[in-house]
Amino acid sequence: MGKVKVGVIGCGSIAKNRHFPEYESHQETEIFAVCDIVPDRANAAAQRYGAQAYTDYIELLKNEEIEAISVCTPNYLHARITVAALEAGKHVLCEKPMATSLVEAEKMNEAAAKSGKILMIGHNQRFVRSHQKAKQLIESGEVGKVYSFRTAFGHSGPETWSVDGLESWFLKRIRQSLVQWAI
Ligand SMILES: NC(=O)c1ccc[n+]([C@@H]2O[C@H](COP(=O)([O-])OP(=O)(O)OC[C@H]3O[C@@H](n4cnc5c(N)ncnc54)[C@H](O)[C@@H]3O)[C@@H](O)[C@H]2O)c1
(Lines give C-alpha, C1' and ligand atoms only; values in the text may rest on other atoms or scores of the structure.)
Protein backbone atom coordinates (compact mmCIF):
# COMPACT_ATOMS: atom_id res chain seq x y z
CA MET A 1 0.00 0.00 0.00
CA GLY A 2 1.30 3.47 -0.89
CA LYS A 3 1.56 6.41 1.45
CA VAL A 4 -1.59 8.31 2.42
CA LYS A 5 -1.57 11.57 0.46
CA VAL A 6 -2.39 14.43 2.80
CA GLY A 7 -3.49 17.99 2.12
CA VAL A 8 -2.83 20.54 4.87
CA ILE A 9 -5.13 23.58 4.87
CA GLY A 10 -3.70 26.52 6.81
CA CYS A 11 0.10 26.83 6.92
CA GLY A 12 0.41 28.75 10.19
CA SER A 13 1.87 27.84 13.54
CA ILE A 14 0.24 24.50 14.31
CA ALA A 15 0.82 23.24 10.79
CA LYS A 16 4.50 24.19 10.94
CA ASN A 17 5.11 22.90 14.45
CA ARG A 18 3.10 19.69 14.42
CA HIS A 19 1.25 18.63 11.28
CA PHE A 20 4.04 19.10 8.73
CA PRO A 21 6.85 17.55 10.81
CA GLU A 22 4.72 14.63 11.92
CA TYR A 23 3.39 13.80 8.46
CA GLU A 24 6.93 14.15 7.14
CA SER A 25 8.38 11.77 9.73
CA HIS A 26 5.63 9.17 9.42
CA GLN A 27 6.46 6.42 6.98
CA GLU A 28 2.87 6.02 5.82
CA THR A 29 2.01 9.64 5.03
CA GLU A 30 3.05 12.12 2.37
CA ILE A 31 2.44 15.89 2.36
CA PHE A 32 0.91 16.04 -1.08
CA ALA A 33 -0.70 19.51 -1.08
CA VAL A 34 -0.78 22.61 1.10
CA CYS A 35 -3.07 25.62 1.16
CA ASP A 36 -3.00 29.08 2.70
CA ILE A 37 -4.71 32.31 1.70
CA VAL A 38 -1.29 33.96 2.09
CA PRO A 39 0.51 32.75 -1.05
CA ASP A 40 4.02 33.05 0.47
CA ARG A 41 3.04 30.65 3.27
CA ALA A 42 1.61 28.08 0.88
CA ASN A 43 4.56 28.38 -1.46
CA ALA A 44 7.14 28.10 1.32
CA ALA A 45 5.54 24.92 2.68
CA ALA A 46 5.10 23.48 -0.81
CA GLN A 47 8.76 24.06 -1.57
CA ARG A 48 9.96 22.61 1.70
CA TYR A 49 7.88 19.43 1.49
CA GLY A 50 7.72 18.97 -2.26
CA ALA A 51 3.96 19.50 -2.27
CA GLN A 52 1.48 21.27 -4.53
CA ALA A 53 0.53 24.80 -3.39
CA TYR A 54 -3.00 26.20 -3.29
CA THR A 55 -4.48 29.46 -2.03
CA ASP A 56 -8.10 28.24 -2.25
CA TYR A 57 -9.08 25.15 -0.29
CA ILE A 58 -12.00 24.47 -2.63
CA GLU A 59 -9.49 23.97 -5.43
CA LEU A 60 -7.31 21.73 -3.27
CA LEU A 61 -10.31 19.55 -2.42
CA LYS A 62 -10.93 18.93 -6.12
CA ASN A 63 -7.65 17.05 -6.33
CA GLU A 64 -8.73 13.43 -6.34
CA GLU A 65 -5.33 12.10 -5.37
CA ILE A 66 -5.61 13.64 -1.89
CA GLU A 67 -7.02 11.15 0.62
CA ALA A 68 -6.84 13.03 3.91
CA ILE A 69 -6.96 16.62 5.07
CA SER A 70 -5.58 18.47 8.07
CA VAL A 71 -7.65 21.55 8.91
CA CYS A 72 -5.24 24.04 10.53
CA THR A 73 -7.12 27.27 9.96
CA PRO A 74 -8.72 29.72 12.42
CA ASN A 75 -11.57 28.20 14.43
CA TYR A 76 -14.41 29.86 12.57
CA LEU A 77 -13.38 28.00 9.38
CA HIS A 78 -13.17 24.51 10.88
CA ALA A 79 -16.74 23.44 10.20
CA ARG A 80 -17.09 24.66 6.65
CA ILE A 81 -13.72 23.29 5.52
CA THR A 82 -14.27 19.97 7.30
CA VAL A 83 -17.72 19.46 5.79
CA ALA A 84 -16.43 20.39 2.32
CA ALA A 85 -13.53 17.96 2.69
CA LEU A 86 -15.77 15.10 3.87
CA GLU A 87 -18.17 15.80 1.01
CA ALA A 88 -15.20 15.63 -1.35
CA GLY A 89 -14.48 12.14 -0.02
CA LYS A 90 -11.48 12.94 2.20
CA HIS A 91 -10.70 11.79 5.73
CA VAL A 92 -10.27 14.79 8.06
CA LEU A 93 -8.09 15.63 11.04
CA CYS A 94 -9.48 18.97 12.23
CA GLU A 95 -7.69 21.09 14.78
CA LYS A 96 -9.37 21.88 18.07
CA PRO A 97 -11.76 23.40 18.97
CA MET A 98 -13.98 21.30 16.75
CA ALA A 99 -16.29 24.18 15.86
CA THR A 100 -17.66 27.46 17.13
CA SER A 101 -21.16 26.14 17.86
CA LEU A 102 -22.99 22.90 18.58
CA VAL A 103 -24.91 23.22 15.32
CA GLU A 104 -21.67 23.37 13.35
CA ALA A 105 -20.25 20.37 15.22
CA GLU A 106 -23.38 18.36 14.47
CA LYS A 107 -23.09 19.25 10.78
CA MET A 108 -19.53 17.95 10.82
CA ASN A 109 -20.58 14.66 12.44
CA GLU A 110 -23.45 14.28 9.98
CA ALA A 111 -21.11 14.87 7.04
CA ALA A 112 -18.69 12.26 8.42
CA ALA A 113 -21.44 9.69 8.88
CA LYS A 114 -22.79 10.33 5.39
CA SER A 115 -19.40 10.15 3.70
CA GLY A 116 -18.19 7.09 5.60
CA LYS A 117 -14.86 8.88 6.06
CA ILE A 118 -12.98 9.35 9.32
CA LEU A 119 -13.34 12.65 11.17
CA MET A 120 -10.91 13.15 14.04
CA ILE A 121 -10.48 16.27 16.16
CA GLY A 122 -6.96 17.18 17.29
CA HIS A 123 -7.55 16.70 21.00
CA ASN A 124 -3.89 15.88 21.45
CA GLN A 125 -3.96 16.35 25.23
CA ARG A 126 -5.86 13.06 25.41
CA PHE A 127 -2.69 11.30 24.30
CA VAL A 128 -0.51 12.86 27.00
CA ARG A 129 0.68 10.05 29.25
CA SER A 130 0.05 11.89 32.53
CA HIS A 131 -3.53 12.64 31.51
CA GLN A 132 -4.12 9.04 30.52
CA LYS A 133 -2.70 7.92 33.87
CA ALA A 134 -5.00 10.28 35.77
CA LYS A 135 -8.00 8.94 33.83
CA GLN A 136 -6.98 5.38 34.61
CA LEU A 137 -6.53 6.16 38.35
CA ILE A 138 -9.97 7.75 38.51
CA GLU A 139 -11.71 5.03 36.51
CA SER A 140 -10.16 2.21 38.50
CA GLY A 141 -11.19 3.87 41.77
CA GLU A 142 -7.59 3.81 42.99
CA VAL A 143 -7.76 7.44 44.09
CA GLY A 144 -11.18 7.02 45.65
CA LYS A 145 -14.17 9.19 44.98
CA VAL A 146 -13.16 12.48 43.37
CA TYR A 147 -15.03 15.47 44.77
CA SER A 148 -13.08 18.17 42.99
CA PHE A 149 -9.81 18.77 41.20
CA ARG A 150 -7.79 21.72 39.99
CA THR A 151 -5.69 21.87 36.87
CA ALA A 152 -3.90 24.53 34.88
CA PHE A 153 -2.46 24.79 31.40
CA GLY A 154 -0.75 27.93 30.29
CA HIS A 155 1.12 29.43 27.37
CA SER A 156 2.45 32.83 26.47
CA GLY A 157 -0.53 33.80 24.32
CA PRO A 158 -1.38 33.91 20.62
CA GLU A 159 0.75 37.01 20.12
CA THR A 160 3.84 34.86 20.64
CA TRP A 161 2.91 31.78 18.62
CA SER A 162 0.36 32.63 15.92
CA VAL A 163 2.00 33.21 12.56
CA ASP A 164 0.34 36.66 12.55
CA GLY A 165 1.60 37.68 16.02
CA LEU A 166 -0.32 40.60 17.49
CA GLU A 167 -2.51 40.67 14.37
CA SER A 168 -3.67 37.11 15.03
CA TRP A 169 -7.31 36.16 14.48
CA PHE A 170 -7.18 34.79 18.04
CA LEU A 171 -7.22 38.34 19.33
CA LYS A 172 -10.14 39.39 17.16
CA ARG A 173 -13.26 38.37 18.99
CA ILE A 174 -15.44 38.45 15.92
CA ARG A 175 -13.13 36.04 14.09
CA GLN A 176 -13.00 33.66 17.05
CA SER A 177 -16.67 33.03 17.35
CA LEU A 178 -18.72 34.48 14.55
CA VAL A 179 -20.53 31.81 12.59
CA GLN A 180 -20.13 33.15 9.08
CA TRP A 181 -21.20 29.92 7.50
CA ALA A 182 -24.79 29.82 6.37
CA ILE A 183 -26.10 26.62 7.91
N1 LIG B 1 -3.82 21.05 19.09
C2 LIG B 1 -3.17 22.05 19.66
O3 LIG B 1 -2.52 21.91 20.69
C4 LIG B 1 -3.24 23.41 19.03
C5 LIG B 1 -2.27 24.34 19.30
C6 LIG B 1 -2.33 25.55 18.64
C7 LIG B 1 -3.37 25.82 17.77
N8 LIG B 1 -4.34 24.89 17.55
C9 LIG B 1 -5.44 25.17 16.62
O10 LIG B 1 -4.95 25.19 15.28
C11 LIG B 1 -5.69 26.15 14.51
C12 LIG B 1 -4.71 27.11 13.84
O13 LIG B 1 -3.97 27.79 14.85
P14 LIG B 1 -2.53 28.42 14.52
O15 LIG B 1 -1.90 28.67 15.80
O16 LIG B 1 -1.81 27.59 13.50
O17 LIG B 1 -3.00 29.80 13.85
P18 LIG B 1 -2.13 30.75 12.91
O19 LIG B 1 -2.80 32.07 12.96
O20 LIG B 1 -0.68 30.65 13.23
O21 LIG B 1 -2.31 30.09 11.44
C22 LIG B 1 -3.55 30.04 10.76
C23 LIG B 1 -3.24 30.00 9.27
O24 LIG B 1 -4.47 29.79 8.55
C25 LIG B 1 -4.40 30.58 7.37
N26 LIG B 1 -5.75 30.77 6.84
C27 LIG B 1 -6.70 31.66 7.25
N28 LIG B 1 -7.81 31.53 6.50
C29 LIG B 1 -7.56 30.56 5.59
C30 LIG B 1 -8.31 29.97 4.51
N31 LIG B 1 -9.55 30.37 4.22
N32 LIG B 1 -7.74 29.00 3.76
C33 LIG B 1 -6.47 28.59 4.03
N34 LIG B 1 -5.70 29.10 5.04
C35 LIG B 1 -6.24 30.07 5.79
C36 LIG B 1 -3.71 31.86 7.83
O37 LIG B 1 -3.21 32.62 6.74
C38 LIG B 1 -2.62 31.29 8.73
O39 LIG B 1 -1.43 31.02 8.01
C40 LIG B 1 -6.65 26.83 15.49
O41 LIG B 1 -7.91 26.24 15.37
C42 LIG B 1 -6.07 26.54 16.85
O43 LIG B 1 -7.04 26.47 17.87
C44 LIG B 1 -4.28 23.70 18.15
Side-chain angles (χ1 to χ4, degrees), residues 6-26 29 31-49 51-63 66 68-88 90-102 104-105 107-108 118-132 151-182:
V6 179
V8 177
I9 301 176
C11 299
S13 189
I14 197 68
K16 282 191 201 162
N17 288 308
R18 300 302 302 270
H19 293 247
F20 289 146
E22 293 188 20
Y23 284 133
E24 186 186 35
S25 66
H26 199 291
T29 54
I31 303 167
F32 190 77
V34 298
C35 173
D36 202 289
I37 43 165
V38 179
D40 284 353
R41 292 178 191 161
N43 290 333
Q47 200 171 358
R48 174 153 183 194
Y49 298 105
Q52 297 178 23
Y54 292 84
T55 51
D56 180 348
Y57 74 85
I58 302 282
E59 291 303 314
L60 180 149
L61 293 177
K62 287 181 188 164
N63 188 324
I66 299 168
I69 296 291
S70 265
V71 179
C72 298
T73 56
N75 304 347
Y76 72 99
L77 293 169
H78 289 184
R80 77 176 81 167
I81 296 177
T82 295
V83 169
L86 289 164
E87 286 177 350
K90 323 288 190 198
H91 302 291
V92 177
L93 170 60
C94 177
E95 263 304 340
K96 66 174 177 61
M98 180 174 186
T100 55
S101 72
L102 178 61
E104 278 189 334
K107 289 270 174 196
M108 293 161 79
I118 297 167
L119 167 61
M120 182 177 184
I121 307 303
H123 287 137
N124 50 310
Q125 296 291 326
R126 291 186 184 176
F127 298 97
V128 173
R129 217 173 277 171
S130 54
H131 298 174
Q132 291 181 335
T151 182
F153 177 79
H155 59 67
S156 50
E159 63 271 41
T160 62
W161 50 264
S162 168
V163 74
D164 286 312
L166 266 176
E167 295 304 312
S168 173
W169 56 274
F170 269 101
L171 300 166
K172 296 180 178 134
R173 199 183 171 90
I174 195 111
R175 290 240 140 166
Q176 273 271 29
S177 58
L178 184 71
V179 181
Q180 297 178 332
W181 187 40

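As the structure lists them, so they are numbered: ligands from 1, and atoms in each ligand from 1.
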S.K.: Identify, by atom number and element, the atoms of ligand 1 in contact range of G10, meaning under 4.0 Å from any of its heavy atoms.
M.R.: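 By the 4.0 Å cutoff, the relevant atoms are 24 (O), 34 (N).
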S.K.: Give the atom numbers and elements of ligand 1 that come within less than 4.0 Å of a heavy atom of G122.
M.R.: 1 (N)
S.K.: Please confirm whether S168 comes within less than 3.5 Å of ligand 1 when only nitrogen or oxygen atoms on both sides are compared.
M.R.: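 So ligand 1 has no N or O lying under 3.5 Å from an N or O of S168.
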S.K.: Compare every heavy atom of Q52 with every heavy atom of A46, then report the nearest pair and how far apart it is.
M.R.: CB-C, 4.2 Å
S.K.: Any idea which atoms of ligand 1 are less than 4.0 Å away from a heavy-atom of P97?
M.R.: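 Numbered from 1, ligand 1 contributes 43 (O).
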S.K.: Evaluate the side-chain proximity of V34 to R41: yes if any heavy-atom separation is below 4.5 Å, no if none is.
M.R.: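 With C-beta onward as the side chain, the pair stays apart.
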S.K.: Which heavy atom of the protein is the closest neighbour of atom 30 (C) of ligand 1, given with residue, atom name and distance?
M.R.: I37 CG2, 3.6 Å
S.K.: Verify the distance criterion only: is there a donor paired with an acceptor across the side chains of H19 and E95 at less than 3.5 Å?
M.R.: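 Result is yes, a qualifying pair exists.
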S.K.: Starting from atom 27 (C) of ligand 1, which protein heavy atom do you reach first, and at what distance in Å?
M.R.: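 Its nearest protein heavy-atom neighbour is P74 CD, 3.5 Å.
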S.K.: Backbone or side chain, does any N or O of W169 fall under 3.5 Å from an N or O of ligand 1?
M.R.: yes
S.K.: Examine the proximity of ligand 1 to K96 and report which part, side chain or backbone, both or neither, has a heavy atom under 4.0 Å away.
M.R.: both
S.K.: Less than 3.5 Å apart, any donor N or O on the side chain of Y23 or S70 sitting next to an acceptor on the other?
M.R.: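 Looking only at side-chain atoms, S70 and Y23 do form a donor-acceptor pair, the distance falling under 3.5 Å.
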S.K.: Can you confirm, on distance only, whether ligand 1 has an N/O atom lying under 3.5 Å from any N/O atom belonging to S162?
M.R.: yes
S.K.: Given V71, L77, V163, identify the one with the heavy atom nearest to atom 31 (N) of ligand 1.
M.R.: L77
S.K.: Contact between L119 and V92 at the side-chain level, heavy atoms closer than 4.5 Å - yes or no?
M.R.: yes
S.K.: So which protein heavy atom does atom 22 (C) of ligand 1 come closest to, and at what separation?
M.R.: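 Here the closest protein heavy atom is C72 O, 3.8 Å.
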S.K.: Taking the minimum heavy-atom distance to atom 16 (O) of ligand 1, which of V34, I121, I14 ranks first?
M.R.: I14
S.K.: A84 and Y57: which non-hydrogen atoms are nearest, and at how many Å?
M.R.: CB-CE1, 4.2 Å
S.K.: Under a 4.0 angstrom heavy-atom cut-off, which atoms of ligand 1 come close to N124?
M.R.: 1 (N), 2 (C), 3 (O)
S.K.: Considering I58, D36, V38, which one's heavy-atom position lies nearest to atom 39 (O) of ligand 1?
M.R.: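 Nearest heavy atom to atom 39 (O) of ligand 1 lies in D36.
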S.K.: Considering only protein heavy atoms, which is closest to atom 40 (C) of ligand 1, and at what distance to one decimal place?
M.R.: N75 OD1, 3.3 Å
S.K.: Quick check: are there more than 12 heavy atoms from other residues, nucleotides or ligands sitting under 6.0 Å from CD of Q47?
M.R.: no
